[in-house]
Amino acid sequence: MIKLTFIEPSGTSRQIDAALGTSIMQAATAAGVQGIAAECGGACMCATCHCLVVEAPAAGLPEMTETERDVLEFTSEEMQETSRLTCQIAVAEDLAGTVFKVVGR
Amino acid sequence: MTDLTTCPHSADWSEFRPFEHDGMTEFFARKRAEEPVFFDEGTGYWIVTRRDDVRAIFADPDRFSASNVHDPLTPFPPELVEYLKQEGFRRDKTQANCDRPKHTRIRQVAQSFLNIRQFKTREPQIREMVAAAVDKLRGRGRVDLVDDFAYELPARVLFLLLGVPDIDARRIKTWADSRFNMISGDADFEAKMEAGRQVMDFWNYCGAIIADRQKNPGDDYPSHLLAAHAKDPESISLDEIQNLTFGVLLAGHETTTNAIGNTMHMLLQDRDEWNRLVADPSLAPGYVEEGLRAGPPVVIWRRRAVEEVTIGGVTLPEGAPIMMSLASANRDEDHFACPHAFEGTRSNARDHVSFGYGIHFCMGAPLAKLELKLVLELLSQAFPNMTLVPDSDPDWQRTILVRGPGRLLVDLNE
């Protein structure tokens, strides 16, 4: 388990325990983080797990694939430099302490 | 607002009648309350009806294998098996019926083309196609929205992605219908053999497209797959490319035809909702989602338990074949308030499972939604006074897996 923080659309900050090996999206939805619809369930199709990385871990996040970039560029919420689809990032030890801002409603 | 109690054709099913449409909604509403997971003797499948259970199965691909997704419900006649073998039909599990890790490898390649970027880039062309199909209806008075509109349009859109701009859409629909009849219809021997011949014809057609793209690459799906193969032959084989091209037909337009038919049927049954859309076509995306929820084009999807599993409190043995009723999950009263009402402004309509959930989520979903949105926008603006012809039989398709009206007679009232 590692600790991650999510700033929900309402502005509420939530710290959650995330199990190693799951995706960030799965950890967030399991903990009931608001605003992450995860409509497609992690298939990199719907962009409803879109978050901004507010505080990145020291080692950085894993690189995004071209498909993740394509989906983000064409989502209704404009892609920003810190945008990520949380279904595409696996929870790992070195991500502890990362802070995400949820883009959804 | 349409309600169960006003359904004119409700039929009381004492047990699951997988080929029938009228009575399905009422049957599943009762089952969700009384016996949400049950074994159906007729099909030999376990039927799962609640949304939470359906999503749990979709979300657990290692314990619920997708390998039976395209299995025929009744065995192919030996003559058909022999015929397909002789003709060189090399259909293999590549996508919807493929498990990890092979699924992950193939999906990565396929999804790097079949994604929202490609679909959005083609939006102007798709809009033109929808507008042309709408224009063809003008001045005709009474039309069949399925045969005269929804039947060909999705095929045209899809073949744009295959790099085939000018197609005989009727021929392609015959291919697609044959494939579905072979898998999930209750066709007789001769119909199955004819379906087999049509399927073989399409398999060869896909082979010819691929052979052509090897010589003349373009900006299309087969060319993209071939480029990935050239770069790394381990990422995707030529046979897999032919399977993926073939699979687009099965996945891509029978379903969209049905989605158009189902959504228009529900919209026109409910004058208030139709008038709301006519007055404000920007509401179309909401109607698209609600149409997909209340009238999913795929009503049943299958899985097989890899080990003994407990779902909805019921223990299923290892190897148990499972049918998830997507139609039932989308009307689960634990998630959707007044689930039988058709409401374009429903806030959580997007929570339907009509495209699946998880690693197998439909890659064409953004395309289908784009196409449906354009159809609703353009049809409602072109024919605001359109009405269903009273008492016309929708002639619901007799297949277990997919569902849509075979006929949708309307008066355009221009």
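Naming: A, B, ... by sequence-line order, numbering from 1 per chain.
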For B/Asp62, check salt bridge (charged side-chain N to carboxylate O under 4.0 Å, His left out) against everything at least two apart and list the hits. B/Arg100
Under 4.5 Å from a heavy atom of chain B, the part of A/Thr65 involved: neither
Spatial distance of atom CD (A/Glu73) from atom CZ (B/Arg117) [nearest 0.5 Å]: 4.5 Å
How long is the gap from CG on A/Leu72 to CD1 on B/Ile116, to the nearest 0.5 Å? 10.5 Å
Residue, of A/Gly42, A/Cys40, A/Gly41, that accumulates the most heavy atom pairs under 4.5 Å with chain B: A/Cys40
Sort by residue number and list every member of residues 106-114 of chain B having a non-hydrogen atom under 4.5 Å from chain A. B/Arg107, B/Gln111, B/Ser112
Heavy atoms from other residues, nucleotides or ligands near NZ of B/Lys231 exceed 12 (cutoff 6.0 Å): no
Do you know which two heavy atoms are closest between A/Ala43 and B/Gly358, and how far apart they sit? CB-O, 3.1 Å
Can you confirm whether more than 12 heavy atoms, excluding those of A/Glu66, are under 6.0 Å from its CD atom? no
Taking every heavy atom of B/Pro366 against every heavy atom of A/Met45, the minimum-distance pair comes out as CD-CE, 3.5 Å
Okay, B/Tyr357 and chain A: the region with an atom under 4.5 Å from a heavy atom over there is both
Pairing of B/Lys369 and A/Glu39 as salt bridge, 4.0 angstrom limit: yes
Separation between SG of A/Cys46 and CZ of B/Phe361, rounded to the nearest 0.5 Å: 6.0 Å
Pairs flagged by ring-ring contact (aromatic ring centres under 6.0 Å, His included) wherever residues 51-92 of chain A is involved - sequence neighbours left out: none
Heavy-atom contact with chain A under 4.5 Å, split by part of B/Asn115: side chain
Give, as side chain, backbone, both or neither, the part of A/Cys44 having an atom under 4.5 angstrom from any heavy atom of chain B. both
Flag yes if more than 12 heavy atoms outside B/Arg63 fall under 6.0 Å of its CZ atom; otherwise flag no. yes
Ordered numerically, the heavy-atom neighbours of chain A under 4.5 Å found in residues 286-301 of chain B are none
If you count heavy atoms of other groups shown closer than 6.0 angstrom to NZ of B/Lys120, is the number above 12? no
